Amino acid sequence: MRVLIIGSTGVIGSHLGETLKQKGNEVFGTSRRIDANNQYSFRLDLANTANAIEVVSRLPKMDAVVISAGMTGLRECEKNPELSRIVNISSQVEIAKWYVQSGCQKVIFLSSNRVFDGKTANVKSDAKYSPTTEYGRQKTQAEEQILGLGDATRVIRFTKVISENSKLLVDWVTKIRAKEQISAFTDVSISPITKKSACSVIESVLFGASASIVQSSAVDEISYFEMACSIAEQLGADKSTVRQQIASEVGEKVLPHSSLECSVFTSVEPMSSLSAVRQIVKEMV
């Protein structure tokens, strides 16, 4: 297939691009981090919708598109709602519309568990939207508009995707190895999956039949505090290195639950939260 990845330099986009190329697919990518265009990579800034459409209109015809870009920071979206709405809704919906109208076989939009309020675990894919953050509201609107474009569209909701380059994990590992204390929330839940698992789910949707909304999550939930303690233990540090913290101390919201009911693909092995964390930390060190 000829596949375009919007957000090809991100954690998911970069790994997906490499795995798709290794399997013989022709992969094109766009990102605002690309300095100069080449045969397969193009600079595209989602903050400018007209420019984004101009860029994609000049690309070759695609068999599939994966939209894996945007402003993902919760605080960033709260502080810059107008800009983040252009990036996370307007531009991404217009790109999806362009490719649906051009006859693209699959247009895949990557979304988040933040379209739900976190009050219940293992939320089903057809549950009613209940976002409590600006980022969640933006993802909700983008999902609705993209799914309304036609049968070629798919939404994949992920919980937290972690990698060896995740800023928080890098910071924690660095501090723990330096015998510095770290703080972690006891009242914010996480159901992390690895970038490898995330990309396997995307490939399953790209190359096979799937529902219009697919979800991927760890099989359980842990707090950020439990995750930090596990990392400290894996690094041979005392658990006292990790200080308990509540979200309100730094202006964050409580999130009791983060897990999603998962669609099952034979190629993707379900993983527990701690297994995902340990795998990534192992790769880091």
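Just so you know, these numbers use all the heavy atoms, side chains as well, and skip hydrogens, waters and symmetry mates. Values in this document were obtained by computation on a predicted structure and should not be read as measured data.
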Practice problem: Applying side chain to side chain donor-acceptor pair (under 3.5 Å), run through Tyr129 and Glu144 and close with a yes or a no. | Solution: CA-CA 10 Å; Tyr129 291 115; Glu144 291 178 316; 5.3 Å; no
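- Side-chain contact, Ser111 with Glu143: a donor N or O sits under 3.5 Å from an acceptor N or O.
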Self-check item: Derivation and outcome, side chain to side chain donor-acceptor pair (under 3.5 Å), residues Asp117 and Thr132
Solution: CA-CA 6 Å; Asp117 57 20; Thr132 60; over 6 Å; no
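- Within 6.0 Å of the CD atom in Gln181, the count of heavy atoms belonging to other residues, nucleotides or ligands exceeds 12.
- Side-chain atoms of Lys253 and Leu74, non-hydrogen and from C-beta on, never get closer than 4.5 Å to each other.
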Exercise. Apply side-chain contact (heavy atoms from CB on, under 4.5 Å) to Val285 and Gln234, showing your working.
Key: CA-CA 10 Å; Val285 301; Gln234 188 172 351; 5.6 Å; no
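- A continuous path of Ile, Leu, Val, Met, Phe, Trp and Tyr side chains, each step under 4.5 Å between heavy atoms, connects Leu16 with Phe207, placing both in one hydrophobic cluster.
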Exercise. Quick one: do Arg33 and Thr9 satisfy side chain to side chain donor-acceptor pair (under 3.5 Å)? Show the steps, please.
Key: CA-CA 7 Å; Arg33 298 191 186 97; Thr9 59; 3.2 Å; yes
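- More than 12 heavy atoms of other residues, nucleotides or ligands sit less than 6.0 Å from atom CD of Glu249.
- Leu169 and Ser163 make their closest contact through CD1-O, 4.1 Å (heavy atoms, listed as atom of the first residue, atom of the second, distance).
- Between Asn88 and Gly70, the shortest heavy-atom distance links the atoms OD1-CA, 3.3 Å.
- Between the CD1 atom in Ile108 and the CD1 atom in Ile156 there is a gap of 5.0 Å [rounded to 0.5 Å].
- Within the 4.5 Å cutoff, side-chain heavy atoms of Leu147 are placed close to those of Ser212.
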Quiz prompt | side-chain contact (heavy atoms from CB on, under 4.5 Å) between Gln92 and Ile89, worked out | solution = CA-CA 5 Å; Gln92 298 190 40; Ile89 304 174; over 6 Å; no
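- Between Val56 and Met62, the closest side-chain pair of non-hydrogen atoms is not below 4.5 Å.
- Qualifying side chain to side chain contact (heavy atoms under 4.5 Å, CB included) partners for Thr174, counting only residues two or more places apart in sequence or in other chains: Val170.
- Heavy atoms only, all atoms of each residue included: Ala69 and Gly7 are closest at CB-CA, 3.7 Å.
- Residues Val214 and Val155 have side chains not in contact (no heavy-atom distance under 4.5 Å, counting atoms from C-beta outward).
- Taking CD of Glu54 as the reference point, atom CG of Leu59 lies at 11.0 Å (rounded to 0.5 Å).
- Under a 3.5 Å cut-off, the side chain of Ser191 and the backbone N or O of Asp220 do form a donor-acceptor pair.
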Quiz item: Could you walk me through whether Arg177 and Val173 pass the side-chain contact (heavy atoms from CB on, under 4.5 Å) check?
Solution: CA-CA 6 Å; Arg177 297 178 87 177; Val173 168; 3.6 Å; yes
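- Between the side chain of Glu283 and the backbone N or O of Ile280 there is no donor-acceptor pair closer than 3.5 Å.
- Comment: Lys79 does not engage Glu134 in a salt bridge, judged by the lack of any side-chain N to carboxylate O separation of less than 4.0 angstrom.
- In this structure, the side chain of Asn80 engages the main chain of Glu76 through a donor-acceptor pair within 3.5 Å.
- Grouping the Ile, Leu, Val, Met, Phe, Trp and Tyr side chains by contacts below 4.5 angstrom, directly or via other members, places Ile95 with Met71.
- No salt bridge links Glu18 with Lys195; every basic N to acidic carboxylate O contact stays at or beyond 4.0 Å.
- For the pair Lys97 and Gln145, the minimum side-chain heavy-atom distance is 4.5 Å or more.
- Using modelled atom types, no side-chain atom of Asn25 and backbone atom of Val27 make a donor-acceptor pair closer than 3.5 Å.
- In summary, of the residues considered (Ser112, Ser90, Ser84), a side-chain hydrogen bond (donor to acceptor under 3.5 Å, both in side chains) with Gln138 occurs for Ser84 alone.
- The aromatic rings of Phe28 and Phe42 sit parallel to each other, their planes meeting at less than 30°, with 60° as the upper class boundary.
- Residues Val254 and Val115 are members of separate hydrophobic clusters, defined by side-chain heavy-atom contacts under 4.5 angstrom among Ile, Leu, Val, Met, Phe, Trp and Tyr.
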Exercise. Let me see the working for Glu221 and Ser259 under side chain to side chain donor-acceptor pair (under 3.5 Å), right down to the final yes or no.
Key: CA-CA 6 Å; Glu221 303 173 332; Ser259 58; 2.7 Å; yes
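- Ser258 and Thr159 get closest at one heavy-atom pair: O-CG2, 3.2 Å.
- For the pair Met1/Glu26, no side-chain contact is recorded, criterion being any heavy-atom separation below 4.5 Å from C-beta on.
- In this structure a side-chain-to-backbone donor-acceptor pair under 3.5 Å is missing from Ser230 to Glu226.
- The OG1 atom of Thr133 sits 13.0 Å away from atom CZ of Arg75, with the distance rounded to the nearest 0.5 Å.
- The shortest non-hydrogen separation linking Lys124 to Arg157 is O-NH1, 4.5 Å.
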Practice problem: Quick one: do Leu255 and Phe185 satisfy side-chain contact (heavy atoms from CB on, under 4.5 Å)? Show the steps, please. | Solution: CA-CA 10 Å; Leu255 186 70; Phe185 298 135; over 6 Å; no
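- The aromatic rings of Tyr224 and Trp172 sit perpendicular to each other, their planes meeting at more than 60°, with 30° as the lower class boundary.
- Side-chain atoms of Thr140 come within 3.5 Å of backbone N or O of Gly136 as a donor-acceptor pair.
- In this structure, CZ on Phe225 lies 15.0 Å from CD1 on Ile190, to the nearest 0.5 angstrom.
- How far OG of Ser248 is from CG of Asp187: 7.0 Å, rounded to the nearest 0.5 Å.
- Rounding to the nearest 0.5 Å places OG of Ser183 at 3.5 Å from CZ of Arg243.
- In terms of modelled atom types and a separation under 3.5 Å, the side chain of Lys106 and the main chain of Val205 share a donor-acceptor contact.
- A heavy-atom distance below 4.5 Å is not found between the side chains of Trp98 and Val65.
- Minimum heavy-atom separation, Pro192 to Ala218: O-CB, 3.4 Å.
- Between Lys175 and Glu180 there is no salt bridge, since no side-chain nitrogen of the basic residue lies less than 4.0 Å from a carboxylate oxygen of the acidic one.
- Shown here is Lys160, whose NZ atom has no more than 12 heavy atoms of other residues, nucleotides or ligands within 6.0 Å.
- The salt bridge (Lys or Arg N to Asp or Glu O under 4.0 Å) contacts involving residues 59-68 comprise nothing, where partners must be two or more places apart or lie in separate chains.
- Side-chain contact annotation: Thr186 with Gln244, donor-acceptor N/O pair under 3.5 Å absent.
- Cluster membership for Ile12 and Met271, using ILVMFWY side-chain heavy atoms within less than 4.5 angstrom, is not shared.
- Residues Val87 and Val107 share a hydrophobic cluster, clusters being chains of Ile/Leu/Val/Met/Phe/Trp/Tyr side chains in contact below 4.5 Å.
- Enclosure of atom CG in Asp126 by more than 12 non-hydrogen atoms of other residues, nucleotides or ligands within 6.0 angstrom is indicated.
- By the 4.5 Å heavy-atom criterion applied to side chains, Ile202 and Leu110 are counted as neighbours.
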